[in-house]
Amino acid sequence: MKPKVAVFDFTCCEGCELQILNCEEEMPDLIATLDIVTFREAMTERSAYYDIAFIDGACSRRSEMVVLKEIRERAKMVIPIGACACLGGVNCLKNSYPMDEVLKAEYGEAARYYDTIPARPISAVIPIDFYIPGCPIVKEEFIRVAQEILAGKVPYQPNDPVCAECKIAGNVCVFDKGMTCLGPVTRGGCKATCVTGGATCWGCRGVIDEPNINAEKEILKKAGLSVEDIVRQFNLFNACQESMWK
Ligand code: SF4
Ligand code: SF4
Ligand code: SF4
């Protein structure tokens, strides 16, 4: 029997699910080893029976908490995918405002029809078995993790900072160009794609295990950032972990 896989979405842009659909070349081999039984972005069929649940998006409504608990009861493995699901991501930017103000700003007079609570990662609502970081996820990483799980292995989770891959890519460090970067404390695995593309790392893959946040703050201060700027930079994707750098 092939394992049954379900993909769910909560509060997010669904870009991480799109990354799964972008695995066009690898999908035939993957589908030969598993059955996708629920995936709203890709198919109309649904099933209440699944072994592995991939979850895109943060939890930001009470109704989502109920659904998540039901998913946890049904699935043998629950795997959040992407910054929204793993960290809360950009959704957590609203958390520093009163929720009624947030609703009004977004929906105006229709705000009374909607429910919102401070956004949180999936792991804050239900136990998880693994996670695939990134905004969006790296599709090759999704395929690798899926293959490792299907082979009965504990998937590999990168824990080197983005700087390591940035050096391998031969990039000039953005600090030497007058910019700032969260690469020294951010979990690698993306091949430093943003820096290679001419931008900087905003920390979408979350922090590494045991990050040296104080050293990073010192580097950012030396680069001219105020304490408020530093918190703002960290908070773009990691606002739910704010206690770490405040
Ligand atoms: S992590 Fe990024 S790409 Fe993925 S759903 Fe959230 S906002 Fe979209
Ligand atoms: S640009 Fe960023 S990721 Fe690259 S080496 Fe410098 S600090 Fe590290
Ligand atoms: S470089 Fe930083 S912001 Fe860009 S994908 Fe990698 S972890 Fe995310």
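These numbers were taken from a predicted model, which means no experiment stands behind them. As the structure lists them, so they are numbered: ligands from 1, and atoms in each ligand from 1.
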Do me a favour and list the nearest non-hydrogen protein atom to [atom] with residue, atom name and distance?
| atom | answer |
| --- | --- |
| atom 5 (S) of ligand 1 | Asp56 OD1, 3.3 Å |
| atom 7 (S) of ligand 1 | Cys84 SG, 3.5 Å |
| atom 3 (S) of ligand 3 | Trp202 N, 3.4 Å |
| atom 2 (Fe) of ligand 1 | Cys135 SG, 2.3 Å |
| atom 6 (Fe) of ligand 3 | Cys190 SG, 2.3 Å |
| atom 8 (Fe) of ligand 3 | Cys204 SG, 2.3 Å |
| atom 4 (Fe) of ligand 3 | Cys194 SG, 2.2 Å |

Trace of the side chain to side chain donor-acceptor pair (under 3.5 Å) decision for Ser60 with Asn91: CA-CA 8 Å; Ser60 69; Asn91 309 284; 5.9 Å; no
Atoms of ligand 1, numbered as shown, that sit under 4.0 Å from any heavy atom of Ala83: 1 (S)
For Cys12, atoms of ligand 1 separated by under 4.0 Å from a heavy atom: 5 (S)
Per-atom contacts, ligand 3 versus Thr193 - under 4.0 Å to a heavy atom: 5 (S)
For Arg205, the ligand 3 atoms whose distance to one of its heavy atoms is below 4.0 Å: 7 (S)
Ligand 2 contacted by Ala192 (non-hydrogen, < 4.0 Å): no
Only heavy atoms of [X], strictly under 4.0 Å: list the atoms of ligand 2 that pass.
| X | value |
| --- | --- |
| Val195 | 1 (S) |
| Phe175 | 7 (S) |
| Gly183 | 3 (S) |
| Pro184 | 7 (S) |

Does [X] reach the side chain of [Y], with side-chain heavy atoms less than 4.5 Å apart?
| X | Y | answer |
| --- | --- | --- |
| Thr186 | Trp202 | no |
| Arg205 | Cys190 | yes |
| Ile52 | Lys4 | no |

Taking 4.0 angstrom as the limit, do [X] and [Y] come out as a salt bridge?
| X | Y | result |
| --- | --- | --- |
| Arg74 | Glu70 | yes |
| Lys94 | Glu106 | no |
| Arg61 | Asp115 | no |
| Arg187 | Asp209 | yes |
| Glu148 | Arg144 | yes |

Phe8 and Tyr50 aromatic ring geometry - parallel, tilted or perpendicular at 30°/60° bounds: perpendicular
Of the listed options Thr200, Val174, Thr186, closest to atom 1 (S) of ligand 2 (non-hydrogen atoms): Val174
Any donor-acceptor N or O pair under 3.5 Å, side chains Thr38, Glu45: no
N/O/S from Cys163 sitting under 2.8 Å away from atom 8 (Fe) of ligand 2: yes
Under-4.0 Å heavy-atom contact with ligand 1, by part of Glu14 that carries it: backbone
Which segment of Ile81 sits under 4.0 Å of ligand 1 when only heavy atoms are counted: neither
N, O or S from Cys13 under 2.8 Å to atom 6 (Fe) of ligand 1: no
Side-chain (Asn159) to main-chain (Ile208) donor-acceptor, under 3.5 angstrom: no
Heavy-atom pair of closest approach, residues Thr180 and Val174: O-CG2, 3.8 Å
SG proximity flag Cys166/Cys201, limit 2.5 angstrom: no
Per-residue contact class, Cys181 against ligand 2 - non-hydrogen pairs under 4.0 Å: side chain
contact_flag Gly134 ligand 1 heavy-atom lt 4.0 Å: yes
